[in-house]
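For reference, positions follow the sequence shown, starting with 1.
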Amino acid sequence: MTRWNNETLKNTLRLDVPFSVVSHTLCVDSRLLQQGDIFIALSGKQDGHEFVRQALDKGAACAIVDRTPKNTNDLDKLIYVNNTQQALNDLGLYGRSRATNLKAIAVTGSVGKTTTKEMLRSTLHHFGPTIYSKASYNNHLGVPLSLALLQHDSEFGVFEVGMNHKGEILPLSKMVEPDIAIITTIAPSHIGNMGSLEDIVDEKCSIFAGLNQNGKALLHGDHPLFERMKNNAQDYGVKNIFTAGRRAGLDARLLHYQPMQQGKRALITAEIFGKIVAYPLQFAGEHYAFDSLYVLLTAEILGLDLGLVMQQLAKVQPVTGRGQMLNLQLPNGQTIFVFDDAYNANPASMTAGLKSFCSMHHEGRKIAVIGQMGELGERSDLYHIETGNFINSLPIDCVHVIGTNAKCLFETINKEKRGLWFETVDELKERFIHTLEGRESIFLKGSLSQRLPELVMHLKNQLKAVA
């Protein structure tokens, strides 16, 4: 079904389009544009107006602009608006408004929001048409782009909502108008921008501002600041609050977690509203078991078949960079195991990832490649040193470290574990494979700015994948 044509654009942007438009998708990055997309020229670190010609040459149906771009001959394919960001917002809001029967779920948190979103969308897809945030489309660009994908018949929508600074979540939540809002957990991510963990809690809880009148809030019941989260929810008028965690009395409880071993799935035993259930997961780490509790809670709230939900959960694969496991073959014929948790990091997710890695059985040397963690403010050294001390307590044989701010972590590592320190991943990438002999198990994690996914991709490109 066509999402965008002259009529829908007129209704949304409140203007007449003087040429025929038939399109399915919006795009704000000319590198990702597919033929037939509508390109929106946004102003930011890079001005999208500079890429209008490239977008039209690649087959964009048209471009939405707020001024005439340079070096563009196809002026008859331009739609002029006052502000392109507002146009994107309006297109997202229009998409949300036409999905009249949608059950919308908004997910935020410092750790686990993308995995929870992926578990939800993979599961809900089997119960009805489902739209979801692609990749980590969780900001002022990603949320309206995701909402713009909605159709009249969309039954479920799963939207990731993130932030780096105060005041970013509330307007996104009001765009989504969720029926269910989930806060997976809260950790000192972006604390350098926010100031304190309490400030992060308050910002994350602003997701409740957009909840529908009878909306439900799902919270981590074991969190030290749970009462603050609960009070925040109530201050926003939320009457239906559900909880997940370990302690007695919570609505969803993790009773037992059997760690994943190479080639075998983890096994979860949980209690959901008093019912004991057991199911496997293809994720290594107890923190992923907690993510799955939010899926089961959501299913129960929506009245879905819990047995079928667990069947679907058992099939969900980790997202690249978030606990994905790879077996690769070295040129000498020996294999290595790669635990790819490289997408991003904060102190809590770093600890959780390392614990998951070390809970698995490893035959050969265990190697960790750790990138510095960003946006930690004046406590950055302390968090990195604490992480180094934690690594010293783990059965890891060698630790390589990337990043200037992580030099103190490297110096904290016991000498017998200490590997190499580099300012950038490029320096390690050139020699890393040559340090491997075979049978090693490798864990990778760091803030996105440290580009550790490039090292993972280098390994994939240079080495053969094996079962």
Contact list for residues 77-95, test salt bridge (charged side-chain N to carboxylate O under 4.0 Å, His left out), sequence neighbours left out: R14-D90
For the pair F283 and Y288, name the ring-plane relationship: parallel under 30°, tilted 30 to 60°, perpendicular over 60°. tilted
Where does the angle between the aromatic ring planes of F432 and H400 fall among parallel (under 30°), tilted (30 to 60°) and perpendicular (over 60°)?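 Taking H400 first and then F432, their aromatic rings stand perpendicular (interplane angle over 60°).
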Do E160 and T114 have a side chain donor and acceptor closer than 3.5 Å?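 A pair is found: one side chain offers a donor N or O, the other an acceptor, under 3.5 Å apart.
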T68-Y80 side chain donor-acceptor pair, cut-off 3.5 Å: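 Y80 and T68 do have a side-chain donor-acceptor pair below 3.5 Å.
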State the [atom1]-[atom2] distance between [X] and [Y], to the nearest 0.5 angstrom.
| X | Y | atom1 | atom2 | result |
| --- | --- | --- | --- | --- |
| N138 | L172 | CG | CG | 8.5 Å |
| K239 | L211 | NZ | CG | 11.5 Å |
| L124 | M119 | CG | CE | 13.0 Å |
| Q46 | S30 | CD | OG | 8.5 Å |

Which residue in the set I40, L78, V52 passes side-chain contact (heavy atoms from CB on, under 4.5 Å) when paired with I64? I40
Start with the C-alpha distance between L91 and L9, add both sets of side-chain angles, then the distance that settles side chain to side chain contact (heavy atoms under 4.5 Å, CB included), and finish with yes or no. CA-CA 8 Å; L91 292 164; L9 289 172; 4.0 Å; yes
Test side chain to side chain contact (heavy atoms under 4.5 Å, CB included) applied to E155 and N101, step by step: CA-CA 6 Å; E155 292 186 32; N101 296 315; over 6 Å; no
In terms of side-chain geometry, is the basic nitrogen of D37 or K58 positioned less than 4.0 Å from the acidic oxygen of its partner? no
Quick test of your reading of the model: are E118 and R121 salt-bridged, counting only N-O distances below 4.0 Å?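 The answer is yes: the pair qualifies as a salt bridge.
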Salt bridge (Lys or Arg N to Asp or Glu O under 4.0 Å), that's the test. Do K166 and D202 meet it? Break it down for me. CA-CA 9 Å; K166 186 176 181 180; D202 294 342; over 6 Å; no
Run the side chain to side chain contact (heavy atoms under 4.5 Å, CB included) check on L42 and L141 step by step: do they pass? CA-CA 9 Å; L42 298 172; L141 306 181; 3.3 Å; yes
Do you know the tightest heavy-atom contact between G48 and F39?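 That would be O-CE2, 3.5 Å.
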